[in-house]
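Worksheet: the structure to be examined is printed underneath.
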Amino acid sequence: MVLRILLGLFVLVFGLNKFLEFLPAPDGMSEGAMSYFGALINSKTMVLVAIVEIAAGLAFIFNKFGALLAIILMSVSINAVLFHAVLDQANIAGALVLLILNIIVLMGYKDKYKTLLS
């Protein structure tokens with residue numbers, strides 16, 4: 001429960017930050033990372049990511065539809081790790097925390113997935 005709420009707060013804050021920009025931008029992003037991230041922003045992909053993060057954060061905090069949002073958030077988690085692993089290794093820590101928490105929360109919902117995986 002504690003890790004579910006922690007993940008909820010984590011993704012809620014970062015989802016809201018994509019709209020409100022209250023956290024400082026990470027330092028030292030490579031030119032390739034800046035170009036790719038700029039393309040994600042210009043294509044409005046980051047708006048979709050922010051909506052998923054906000055919805056997942058609220059789902060985890062209030063424990064409603066958490067199993068569904070944990071699966072959906074996994075795509076965001078994996079893409080964040082891959083982005084940082086390839087283009088921005090210096091700032092990968094947050095993405096790794098997101099992925100690890102997401103995996104732990106998924107494992108917490110494993111009973112909900114039994115019929116899906118049978």
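Reckoned from all heavy atoms, side chains included, excluding hydrogens, waters and symmetry mates. Being a predicted model, the structure only gives us computed values, none of them experimental.
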TODO: For the residue pair Met74 and Ile103, establish whether any side-chain heavy-atom pair is separated by less than 4.5 Å.
DONE: yes
Task: Backbone N/O of Asp27 and side chain of Asn91: donor-acceptor pair under 3.5 Å - done: yes
Open item on the list: Working to the nearest 0.5 angstrom, can you tell me the gap between Tyr109 OH and Leu68 CG?
Closed with: 10.5 Å
- [ ] Write down the atom of Ile72, the atom of Ser75, and the distance for their closest heavy-atom approach.
- [x] O-OG, 2.8 Å
TODO: Specify the closest pair of heavy atoms between Ala56 and Leu73, including all atoms of both residues, with the distance to one decimal.
DONE: CB-CD2, 4.2 Å
TODO: Check Tyr113 against Ala67 and note the closest heavy-atom contact, atom names and distance.
DONE: OH-O, 2.7 Å
Task: Residues, nucleotides or ligands: over 12 heavy atoms within 6.0 Å of Gln89 CD - done: yes
Open item on the list: If you compare all heavy atoms of Phe10 against all heavy atoms of Gly94, which two are closest, and at what distance to 0.1 Å?
Closed with: CZ-O, 3.6 Å
TODO: Drop me the distance from Leu106's CG to Leu101's CG, to the nearest 0.5 angstrom.
DONE: 11.0 Å
- [ ] Ignoring hydrogens and angles, tell me if any N or O in the side chain of Arg4 forms a donor-acceptor pair with the backbone of Phe60 under 3.5 Å.
- [x] yes
Task: Nearest heavy-atom neighbours spanning Leu69 and Ala59 - done: CG-CB, 3.9 Å
Open item on the list: Using the side-chain contact (heavy atoms from CB on, under 4.5 Å) definition, which of the options Leu7, Ile5, Ile100 pairs with Val105?
Closed with: Leu7
Open item on the list: Taking the side chain as everything from C-beta on, heavy atoms only, tell me whether Ile54 gets closer than 4.5 Å to Phe19.
Closed with: yes
Open item on the list: Looking at every non-hydrogen atom in both residues, tell me the closest pair between Phe83 and Met29 and how far apart they are.
Closed with: CZ-CE, 3.9 Å
- [ ] Using a cut-off of 6.0 Å, state whether more than 12 heavy atoms not belonging to Phe37 lie near its atom CZ.
- [x] no
Task: Asn17 side-chain N/O to Val13 backbone N/O, donor-acceptor pair under 3.5 Å - done: no
Task: Gap between atom NE2 of His84 and atom CG of Asn79 - 0.5 Å precision - done: 11.0 Å
- [ ] With the side chain counted from C-beta on, respond yes when Glu53 and Leu12 share a heavy-atom pair under 4.5 Å apart, and no when they do not.
- [x] no
Open item on the list: Can you confirm whether Lys18 sits close enough to Val49 that some side-chain heavy atom of one is under 4.5 Å from a side-chain heavy atom of the other?
Closed with: yes
TODO: Following the transitive rule for hydrophobic clusters with a side-chain heavy-atom cut-off under 4.5 Å over Ile, Leu, Val, Met, Phe, Trp and Tyr, establish whether Val2 and Ile104 coincide in one cluster.
DONE: no
Task: Asn102 side chain vs Ser77 backbone, donor-acceptor pair below 3.5 Å - done: no
- [ ] Measure from the side-chain N and O atoms of Ser30 to the backbone N and O of Asp88, and report whether any donor-acceptor pair falls under 3.5 Å.
- [x] no
- [ ] Evaluate the criterion side-chain contact (heavy atoms from CB on, under 4.5 Å) for residue pair Leu98 and Phe14; output intermediate values, then yes/no.
- [x] CA-CA 11 Å; Leu98 172 65; Phe14 281 95; over 6 Å; no
